[in-house]
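From a predicted model like this one, the values you see are computed outputs, not experimental measurements.
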Amino acid sequence: MNWRDLQSKLAGTGYIAGPDLAMALALMARLERPFLIEGEAGVGKTDVAKALAEVLETDLIRLQCYEGLDANAAVYEWNYQRQLLAIKIWEDEDLSVDEKEEHIFQERFLLKRPLLDAITRERPPVLLIDEIDRADEEFEAYLLEVLSDFQVSIPEMGTVKAISIPYVVLTSNSTRELSDALRRRCLYHWLDYPDEEKELAIVHARVPEMADALAGQIVRFVQALRREDLEKKPGIAETLDWARALAGLGMARLDEDMDAITQTLLCLLKTRADREQIAPEVVDRLVARAV
Amino acid sequence: MSGAGRSAGPESGPAAGVTLFAGQSTAPPDRHVVRQILRFARHARDNGFPVGIDESLDALRFAESADLMDRGEIHGGLRALFCASAADWERFDDLFESYWTYRGQRTEVQVSGSVNRPGGEADAPFAQRLGIEGGNSGGGADETPGGASAAERLAGTDFRHLHESRDLQAVNELTERLARRMRWRLSRRRRVRARGRVIDLRNTIHKSLMHGGVPMKLAFKRRHPRPLKLVVILDASGSMSLYSGFFIRFIRGIVENFAESEAYVFHTRLVHLSAALREKDIERAVERMAMMSAGWGGGTRIGESLRSFNRYHAKSALNSRSVVMIVSDGYDTGPPEVLAAQLKKLRGRAKRVIWLNPLLGWRGYEPVAQGMAAALPYVDLFAPAHNLESLMALESYLYKL
């Protein structure tokens, strides 16, 4: 697929991707490399995968990483209850231990977790490995192996080869440095906060009922707010929440009701320190500039 | 994008991505384009981008399908392919621009040569305490006379009283070894103690087969070893200058040996040091660190430096297993409230906060400096760090955590 087609199809699902991102996604589909997206929280990293799955009309399989995530939770697990039952049922059968063992380590006793699931589908799914930086280094190394060979070895059964190669999207908030090997294996994209034009397009796409004038004011306000000295800058989701809140209040202009602004600012500022930082005077200044 | 190479046909199986041009029906791009792309790939590699053969080949596969007249598309595709980190991402535009516009202006950083060191010798009894077996890496020709007493003397000597180059050499090496030794003991402890009481179903079932499925022997999951994470924040101000050389070595030993450790240095502002410290050659590491801190003026601002640590680094550097080690004499020119507030914040995010103060080893020293007094309530351990003995005492503290 040409990147321009991809870009417009993504826009059709409500995801506004810049040309760079669309090119990289097109390239990923062609080269069968995993795609690593880094960026601040709230710039829409996870949504890339969701939108891509929608465009490709395929399933999204999500693996949320956390500290202590191990292969059992990510790749496969034996269904112990069924195994125990099976052993009981075969208790009186005249079978050797080896034969029994062979029986209980069959595919029907296997619980597929996201990684194994993703490589054993007929139609390649989008595999989202979210916040890979939260997982441990050992898991990262294991993941690298799976992503390079696209096969999983299960000691009791042998090697499971990929039926199809999934579109792999990894996201990272850089809470930990990722290994060079994994980085090299992946295509890379740094996703920044959207510029005014792009954010406006996003608001239009996601909150279509909003009037143009107010949408522009909201986006300019948020853009200016991000330049303030904040602990946690508002992401795209925050902009959209705020836009919906203001639309719900039936506002037409940002400067018509300062109280409403102050009260709904909770949508944008999520820590107490940030709320103290943005004093009413600052809000006045930002509103005046945005209108 | 439904993808020729992605189908599960027998020829283009899962390994298709490995083969060049696998599953492609189009002809490879013409030779001129191939040469240009490969040259640019080499140029990127020369400039420190992680571009290997795989990336070069993929760049060619990309060029087959890309619109070669569209500069934006070439730029976007190669950027995704050749970059591996945010730092690469930022540099790529310049590289691309300079290459295709000015044809390869090479930007290389010259690093000055390292200083040769004579092989210093550590003495046996002290060496044994540090867990060093037998001789050491240095040449045997340069034996330090004096045997045990010399080592004992060195261990107890305040770093600022060391002047002879031979003493310095020995202490430097011992410092590095001490750091290495600390990590060895720390990790060993976890191997012995870490044993969870969670039943491992997989192994239990495996073992139950021989008893006809009755789980006679339970298998337990061992807890995954979770090493401590050390974060060192070093004061490099003038008042600390007598000590910073030693701490750089000590910290380097730690950074080298603890997989998860980070080091920062501050004077008027905070600089992330880990990359400089991973430099193989210690002299060069010290040189780099001197370069980083060069030109800093004004008073030490501990509070401000901790603020910037909390804001920009704490999220990635700290977790519940982190031990923060601040090495400073506590002379802060900023307001003590800032220091106290920032330290409190830091304390909330880390497991322990240790403050090492070289002055504490001086006879009659009291932590009266305003900053130090403000900091004390938020510090778990306030310890001296003026000689090797005091650094070794630290080991037993970390051991008990």
(request) Tell me, yes or no, whether the heavy-atom count around A:D180 atom CG, taken from other residues, nucleotides or ligands under 6.0 Å, exceeds 12. (result) no

(message) So, taking the atom named CZ in B:R61 and the one named CG in A:L27, what distance separates them when rounded to the nearest 0.5 Å?
(response) 9.0 Å

(request) Specify the closest pair of heavy atoms between B:W89 and A:Y188, including all atoms of both residues, with the distance to one decimal. (result) CZ3-O, 3.4 Å

(request) List the steps, then state whether side chain to side chain contact (heavy atoms under 4.5 Å, CB included) holds for A:R33 with B:L81. (result) CA-CA 9 Å; A:R33 279 187 179 230; B:L81 200 50; 4.0 Å; yes

(request) For chain B, find which of A:I87, A:L178, A:D5 contributes the most heavy-atom pairs closer than 4.5 angstrom. (result) A:I87

(message) Looking at A:Q106, I want to see if its CD is surrounded by more than 12 non-hydrogen atoms of other residues, nucleotides or ligands under 6.0 Å.
(response) yes

(request) Count the heavy atoms belonging to other residues, nucleotides or ligands that lie under 6.0 Å from CZ of B:R42, then report whether that count exceeds 12. (result) no

(request) Look up atom CG in B:D58 and atom CG in A:L31, then write down how far apart they are to the nearest 0.5 Å. (result) 4.5 Å

(request) Answer yes or no: does atom CD of A:E228 have more than 12 heavy-atom neighbours from other residues, nucleotides or ligands under 6.0 Å? (result) yes

(request) Considering only NZ, NE, NH1 and NH2 on the basic side and carboxylate oxygens on the acidic side, decide whether A:R185 and B:E55 come within less than 4.0 Å. (result) no

(request) Return yes if some donor-acceptor pair links the side-chain N/O of B:R79 with the main-chain N/O of A:H189 below 3.5 Å, else return no. (result) no

(message) Counting only non-hydrogen atoms closer than 4.5 Å, does A:I104 touch chain B with its backbone (N, CA, C, O), its side chain (CB onward), both, or neither?
(response) side chain

(message) So, taking the atom named CG in B:D54 and the one named OG in A:S148, what distance separates them when rounded to the nearest 0.5 Å?
(response) 9.5 Å

(request) Supply the atom-to-atom distance A:M23 CE to B:L78 CG, rounded to the nearest 0.5 angstrom. (result) 10.5 Å

(message) Please rank A:Q83, A:Q151, A:E101, A:E57 by heavy-atom pairs under 4.5 Å with chain B and give me the top one.
(response) A:E101

(request) Measure the shortest side-chain to side-chain distance between B:E73 and A:N2 over non-hydrogen atoms and say whether it is less than 4.5 angstrom. (result) no

(request) Return the option, out of B:A86, B:G76, B:G77, with the maximum number of heavy-atom pairs under 4.5 Å with chain A. (result) B:A86

(message) If you define the side chain from C-beta out and look only at heavy atoms, does anything of B:D70 sit under 4.5 Å from A:W3?
(response) yes

(message) Looking only at the side chains, is there a donor atom on one of A:R183 and B:S85 sitting less than 3.5 Å from an acceptor on the other?
(response) no

